Amino acid sequence: QVQLVESGGGLVQAGDSLRLSCAASGGTNTLYAMAWFRQAPGKEREFVAAKSYSGSTTNYADFVKGRFTISRDTAKNIGYLQMSSLTPEDTAVYYCAAAPGVVMSTRKDVYRYWGQGTQVTVSS
């Protein structure tokens, strides 16, 4: 059982940067893919970024390429999502997810464990 806790969300202005963190505990001795998803009001939860269990491969949604960076500190079991050049369209609840035994995936149904989410609001 893996527990995930996100932090770092908040209210920022367009063009600002923000870093989200995801602290993992329990069962983290198993290699797992890590990802970030987001869900805006009235919309489906969508893929944002993923990092492979080895940490060597990343994948980004087209709408965040060049603006967001996913990383992880495997020694500390913490994942990060560095976001820059934020726009109001990035406003959403951001979720961290983990998939034990999975190399990497962009599909939300692959991820077994989810955090509670952290709100990011970008004002214009």
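Since the model is a prediction, treat every value here as computed from it, not as a measurement.
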Apply the test side-chain contact (heavy atoms from CB on, under 4.5 Å) to residues Leu20 and Glu6: give CA-CA distance (whole Å), side-chain angles for both, the deciding distance (0.1 Å), then the verdict. CA-CA 7 Å; Leu20 306 182; Glu6 303 98 334; over 6 Å; no
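- Of the possible polar contacts, one joining the Tyr60 side chain to the Ile70 backbone as a donor-acceptor pair under 3.5 Å is found.
- For Phe37, the ring-ring contact (aromatic ring centres under 6.0 Å, His included) criterion is met by Phe47, Tyr111, Trp114, not counting sequence neighbours.
- Hydrophobic cluster membership is shared by Phe63 and Leu81, with clusters built from Ile, Leu, Val, Met, Phe, Trp and Tyr side chains linked at under 4.5 angstrom.
- Side-chain atoms of Gln116 and Val5, non-hydrogen and from C-beta on, do get closer than 4.5 Å to each other.
- Side-chain contact check for Thr91 and Glu89: no donor-acceptor pair (N or O, by modelled atom type) lies under 3.5 Å.
- Evaluation of the side-chain hydrogen bond (donor to acceptor under 3.5 Å, both in side chains) rule for Arg45 yields Gln39 as partners, not counting sequence neighbours.
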Enumerate donor-acceptor pairs with a distance under 3.5 Å from any side-chain N or O in residues 9-17 to protein atoms, sequence neighbours excluded.
from	atom 1	to	atom 2	distance (Å)
Asp16	OD2	Gln13	N	3.0

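- For Tyr53, the side-chain contact (heavy atoms from CB on, under 4.5 Å) test picks out Leu31, Val103, with sequence neighbours left out.
- Partners of Ser124 according to the side-chain hydrogen bond (donor to acceptor under 3.5 Å, both in side chains) rule, which considers only residues two or more places apart in sequence or in another chain, do not exist here.
- Counting Ile, Leu, Val, Met, Phe, Trp and Tyr side chains that sit under 4.5 Å apart, directly or through other members, Ile78 shares a hydrophobic cluster with Tyr80.
- Contact between Pro100 and Ala98 at its shortest, heavy atoms only, is CD-O, 3.7 Å.
- The salt bridge (charged side-chain N to carboxylate O under 4.0 Å, His left out) test applied to Arg67 returns Asp90, not counting sequence neighbours.
- Taking hydrophobic clusters as Ile, Leu, Val, Met, Phe, Trp and Tyr residues chained together by side-chain heavy-atom distances below 4.5 Å, Met34 shares a cluster with Val120.
- Applying the side-chain hydrogen bond (donor to acceptor under 3.5 Å, both in side chains) criterion to Gln82, with sequence neighbours excluded, gives no partner residue.
- Rounding to the nearest 0.5 Å gives a distance of 13.0 Å between OH of Tyr95 and CZ of Arg38.
- Residues forming a side-chain contact (heavy atoms from CB on, under 4.5 Å) with Thr57 (at least two apart in sequence, or on another chain): Ser52, Met104.
- The side-chain contact (heavy atoms from CB on, under 4.5 Å) check on Cys22 picks up Leu4, Trp36, Cys96, with sequence neighbours excluded.
- Looking at residues two or more places apart in sequence or on another chain, you find a side-chain contact (heavy atoms from CB on, under 4.5 Å) between Lys43 and Ala40.
- In plain terms, the two heavy atoms of Ala24 and Tyr32 that are nearest each other are CB-OH, 3.6 Å.
- In this structure, Arg19 has no side-chain hydrogen bond (donor to acceptor under 3.5 Å, both in side chains) partners at least two apart in sequence or on a different chain.
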